[in-house]
A.B. asks: 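Next up is a structure, given as C-alpha cells.
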2 protein chains.
Amino acid sequence: MQKNDNIYPAGLYSFQDECLKLLTGVLNVSKAATYLVDSQRKPICYKTWQLQPAMHRQYMDTFYKLDPLHPTQFVEQADISVVKMNDLVNTQERYDHPYYRDFVSPWGVQDIVELFLRVDNQLIAGFALFTSKQQPEMRMEDIRKANQLHQFMQFSLEQSLAAPKHSQFQVFCDQYQLTPKERMVVELVSQGLPNKSIASGLDCSLATVKTHLQHIFTKTGVNSKTEIASLLYNLH
Amino acid sequence: MQKNDNIYPAGLYSFQDECLKLLTGVLNVSKAATYLVDSQRKPICYKTWQLQPAMHRQYMDTFYKLDPLHPTQFVEQADISVVKMNDLVNTQERYDHPYYRDFVSPWGVQDIVELFLRVDNQLIAGFALFTSKQQPEMRMEDIRKANQLHQFMQFSLEQSLAAPKHSQFQVFCDQYQLTPKERMVVELVSQGLPNKSIASGLDCSLATVKTHLQHIFTKTGVNSKTEIASLLYNLH
DNA sequence: GAAGGTATCAACCAGAAGGTTGATATAGGG
DNA sequence: CCCTATATCAACCTTCTGGTTGATACCTTC
C-alpha cells in the first residue's frame, strides 16, 4: 500500500484545476466534478464546477453507493477510461433504479460521462461531466472529443509527475517518511487551506486532520502549517 | 523612499544565514551578528552566532546609541566596507567611554570588525564579527581575509538579487503594491515565522505586525499567513 | 496646510490552530 | 497470534491568528 502510494495522488492540486478548466471549457457540459483516488480507493479532494453544493452533499452522503460510474467499479478495468452512463445502463433500469429516480433525474441531469486517469495501471483521478436535460443528447462526436482530451490529460499527468516541482514535493515527503495520508495533508497545507477545508477535502473529520498535522509536525520538527509551506519551498 | 526600497532588503533571509556561516566558519571569531538595514536606516532582522541573548538585548536596549560601528555612521561613506573598531577608536578612548567600559569589555570582547554590504551605494546589510580577549589580537592577515570574504559576499548579494527566486518575490510584492515594511513581513512570513518572531525580527510590536498583515491580506485577497506562503510559491 | 500614504501601537473578540491524551479499527509482517 | 503502522475520531485546553476600531506620528504631495 505504502509502495503504490508514495507518489500518488499527492501533488496534483493544480493539475486537477487545470483539467477541470479544460474539460468544461471545451466540452458542452452543465456541471462537472473531479476527484483523486486514494490508497483505499476512496475518492477524495473533490473539486466541482457549477455543481450545486447540495447535490454534491447528497451524493457524498448517500448516492455514491449506487453510482454505476463510481471509481471503485473501474479500478480493475485498466482499459476503460471514458464511460458514458447512458451507454452503461439501459433505459429501463434508469427509470426503476433509485439512483436515477431520486438523484440524477431530480437534479436535471440527462447523462454523465466519467473520465479516469491512471498511472501504472492504477486509477488515481477521475472526472465527471454532466449534461442537463435542457441540452442536446451527447453524440459520438462529443465522446470522441472527450477521448481526445482524456489522452492529453493522461500525457500531461505523466509530465506533471516527472516535473521538478513534483519531485521536490516527493523529496520532502520521502525525507521525513510521511505516510500517504500525511502527504495528502501536506499537499493541501501547501495550498494554504485551513484545517476545515483540508478535512472536507480528505473527507474526514477535523480531529483526524489535526492528528495528521501533529504527526507531520513531529516528523519534520516544526510547529505550524506556515512553516511546513516554507520548508516545502525552501528545501536545503 | 518607496523607490529605493522596493527591492531591498526583503528577500535576503537565507542570504544572511549563508553569509554568517561563511564568516564564522572561515574567520577566527568568538561571536557574530548580522542585520539588514531598512528604509529608515534602522537595523532589523538580526541573526546572531554564539552571541549571548542577554548581550544582544543590552545592545538593543541601550548601547546601540553609543556604537561607533553602528550602520548609521556609515550610510554615507560608500567607500567604507570593512571597519575594525580598534583602528577607529584609540586606546585611551576605549578606556574612558562607557560603551567599552560598560558593554564591550564586560562581555569579554577584545575587538569588533564590521562589514557592510551595499547595493547602488545604499547600505543594506551589515555583519559584526567579535574577537574575545582570550584570542590573539586581529592582524592584517585577518583583515585581508575579511576583505576577501566581503568582496565575495558583495558579488553573491548581487547574484541573489538577480536570481529567479528573488525576482519571483519581487513580482509578487509589485503585483500587490506592497509597501517596504509589508514586503519585510511577507519575507518573514514566507520563512514560516510566528507573528511574535516577526515582531522581534522587525523590532516592532506584535500589534504592528498584525496591522501589516491585515493590510497584506486585504491587498492580496487572502486570509491567512499559510495562504501567503502558498501564493508566493505558486504564482500564476 | 490639507490630504493621502505609511508606520506605529492598543484593546478587544471570535475563531483557528497547536498540543495532549486516549480510544478504536484495520492491514501487514514476523 | 501479536505487534506495529496507519488512519480514524473525541474531548479538552492553551495559544495564536484574524478581524475590527481607533489613535498617533511622520513624510510627501498637492
Side-chain angles (χ1 to χ4, degrees), chain A residues 1-6 9-10 37-42 44-45 173 176-190 192-230, chain B residues 1-6 9-10 37-42 44-45 173 176-186 188-189 192-230:
Chain A
M1 176 172 114
Q2 166 94 21
K3 265 288 177 297
N4 283 337
D5 237 78
N6 58 5
V37 180
D38 78 355
S39 43
Q40 285 97 47
R41 295 172 169 182
K42 184 174 134 192
I44 53 172
C45 290
C173 293
Y176 296 107
Q177 301 196 49
L178 303 187
T179 69
K181 266 288 147 60
E182 284 163 5
R183 283 162 200 246
M184 287 307 306
V185 173
V186 168
E187 162 77 357
L188 299 182
V189 164
S190 80
L193 300 181
N195 293 346
K196 208 191 290 181
S197 308
I198 296 174
S200 73
L202 299 183
D203 193 28
C204 67
S205 82
L206 193 61
T208 306
V209 173
K210 286 165 118 183
T211 307
H212 283 314
L213 277 172
Q214 278 307 314
H215 293 160
I216 294 165
F217 290 159
T218 8
K219 283 183 181 177
T220 57
V222 306
N223 37 38
S224 85
K225 293 197 299 172
T226 316
E227 230 176 314
I228 289 290
S230 166
Chain B
M1 175 172 116
Q2 166 96 21
K3 265 288 174 298
N4 283 336
D5 237 78
N6 59 5
V37 180
D38 78 355
S39 42
Q40 284 96 48
R41 294 173 170 182
K42 184 175 135 193
I44 52 170
C45 290
C173 293
Y176 297 107
Q177 301 197 50
L178 304 187
T179 69
K181 265 289 148 58
E182 284 162 7
R183 284 161 200 245
M184 286 307 304
V185 172
V186 168
L188 298 183
V189 165
L193 300 181
N195 293 346
K196 208 191 292 180
S197 306
I198 296 174
S200 73
L202 299 183
D203 194 27
C204 67
S205 83
L206 194 60
T208 307
V209 173
K210 288 164 111 184
T211 307
H212 284 313
L213 276 172
Q214 278 307 314
H215 293 161
I216 294 166
F217 290 160
T218 352
K219 284 182 181 178
T220 57
V222 306
N223 39 36
S224 84
K225 294 195 300 172
T226 315
E227 230 176 313
I228 289 290
S230 166

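Each chain gets a letter, A, B and so on, in the order its sequence line appears, and its residues count up from 1.
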A.B. asks: C:dT6 P sits how many Å from B:Q177 CD, rounded?
C.D. replies: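 It works out to 9 Å between those atoms.
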A.B. asks: Taking atom OG1 of B:T211 and atom NZ of B:K181, what is their separation to the nearest 0.5 Å?
C.D. replies: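 Reported to 0.5 Å precision, the distance equals 13.0 Å.
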A.B. asks: Can you tell me how far the CD atom of B:E182 sits from the CD atom of B:Q177, to the nearest 0.5 Å?
C.D. replies: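 Output value for this atom pair is 10.5 Å.
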A.B. asks: Hey, what do you get for CD1 (B:I228) to CG (B:L213), rounding to the nearest 0.5 Å?
C.D. replies: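 Separation between the atoms: 8.0 Å.
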A.B. asks: Will you find, in the side chains of B:S205 and B:T208, an N or O donor that is under 3.5 Å from an N or O acceptor?
C.D. replies: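 Per modelled atom types, B:S205 and B:T208 side chains form a pair under 3.5 Å.
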A.B. asks: Look at the side chain of A:N223 and decide which nucleotide, out of D:dA7, C:dG19, C:dC9, has an atom nearest to it.
C.D. replies: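 For A:N223, the side-chain atoms sit closest to C:dG19.
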A.B. asks: Please give me every residue in residues 194-207 of chain B whose heavy atoms get under 4.0 Å of an atom in DNA chain D, ordered by residue number.
C.D. replies: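 Hits under 4.0 Å, by residue number: B:P194, B:N195, B:K196.
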A.B. asks: With side chain to side chain contact (heavy atoms under 4.5 Å, CB included) as the criterion, how do A:V209 and A:H212 come out once you've worked through the C-alpha distance, each side chain's angles and the decisive distance to 0.1 Å?
C.D. replies: CA-CA 5 Å; A:V209 173; A:H212 283 314; 5.6 Å; no
A.B. asks: Go through the N and O atoms of the side chain of A:K210 and the base of C:dG18, and report whether any donor-acceptor pair is under 3.5 Å.
C.D. replies: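 For A:K210, whose side chain was compared with the base of C:dG18, there is a donor-acceptor pair (under 3.5 Å).
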A.B. asks: Please confirm whether the shortest side-chain N or O distance from A:T211 to OP1 or OP2 of D:dT8 is below 4.0 Å.
C.D. replies: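 A:T211 to D:dT8 OP1/OP2: no side-chain N or O under 4.0 Å.
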A.B. asks: Atom CD in A:E187, atom CG in A:L193: separation rounded to 0.5 Å?
C.D. replies: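 The CD atom of A:E187 sits 9.0 Å away from the CG atom of A:L193.
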A.B. asks: Below the 4.0 Å mark, does C:dT8 have OP1 or OP2 next to a side-chain nitrogen or oxygen of B:H212?
C.D. replies: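 Yes, such a contact exists.
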A.B. asks: For the helix from C:dG1-D:dC30 to C:dG30-D:dC1, figure out the bend between the end axes, five pairs an end, and round to 10 degrees.
C.D. replies: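 The helix from C:dG1-D:dC30 to C:dG30-D:dC1 shows an end-to-end axis angle of 40°.
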A.B. asks: Would you compute the distance between atom NZ of A:K225 and atom CZ of A:F217 and round it to the nearest 0.5 angstrom?
C.D. replies: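 The CZ atom of A:F217 is 7.5 Å from NZ of A:K225, to the nearest 0.5 Å.
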A.B. asks: Let's see if you can work this out: which of C:dC9, D:dT17, D:dG19 has an atom nearest to the side-chain heavy atoms of B:K225?
C.D. replies: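 Looking only at side-chain atoms, B:K225 lies closest to D:dT17.
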A.B. asks: Can you measure A:H215 atom NE2 to D:dT6 atom P for me and round it to whole angstrom units?
C.D. replies: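 Rounded to the whole Å, the gap is 10 Å.
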A.B. asks: Under 3.5 Å, is there an N or O donor on one side and an acceptor on the other linking the side chain of A:S224 and the base of D:dC16?
C.D. replies: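 Answer is no: no donor-acceptor pair is held.
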A.B. asks: Between D:dC16 atom C1' and A:L213 atom CG, what is the distance in whole Å?
C.D. replies: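 Going from A:L213 (CG) to D:dC16 (C1'), I get 15 Å.
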A.B. asks: What is the distance from CG of B:L178 to P of C:dG5, rounded to the nearest Å?
C.D. replies: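 That distance rounds to 15 Å.
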A.B. asks: Can you tell me how far the CD1 atom of A:I44 sits from the CG atom of A:L202, to the nearest 0.5 Å?
C.D. replies: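 It comes to 5.0 Å.
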A.B. asks: Using the side-chain heavy atoms of B:Q214, tell me which of these nucleotides is nearest: D:dT8, D:dG18, C:dA7.
C.D. replies: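 Nearest listed nucleotide: D:dG18.
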A.B. asks: Please confirm whether the backbone N or O of B:Q214 pairs with a side-chain atom of B:T218, one donor and one acceptor, at under 3.5 Å?
C.D. replies: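 At least one qualifying donor-acceptor pair exists.
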A.B. asks: Counting only side-chain heavy atoms from C-beta out, which of D:dG19, C:dA7, D:dC9 sits nearest to B:F217?
C.D. replies: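 Minimum distance to the B:F217 side chain belongs to D:dG19.
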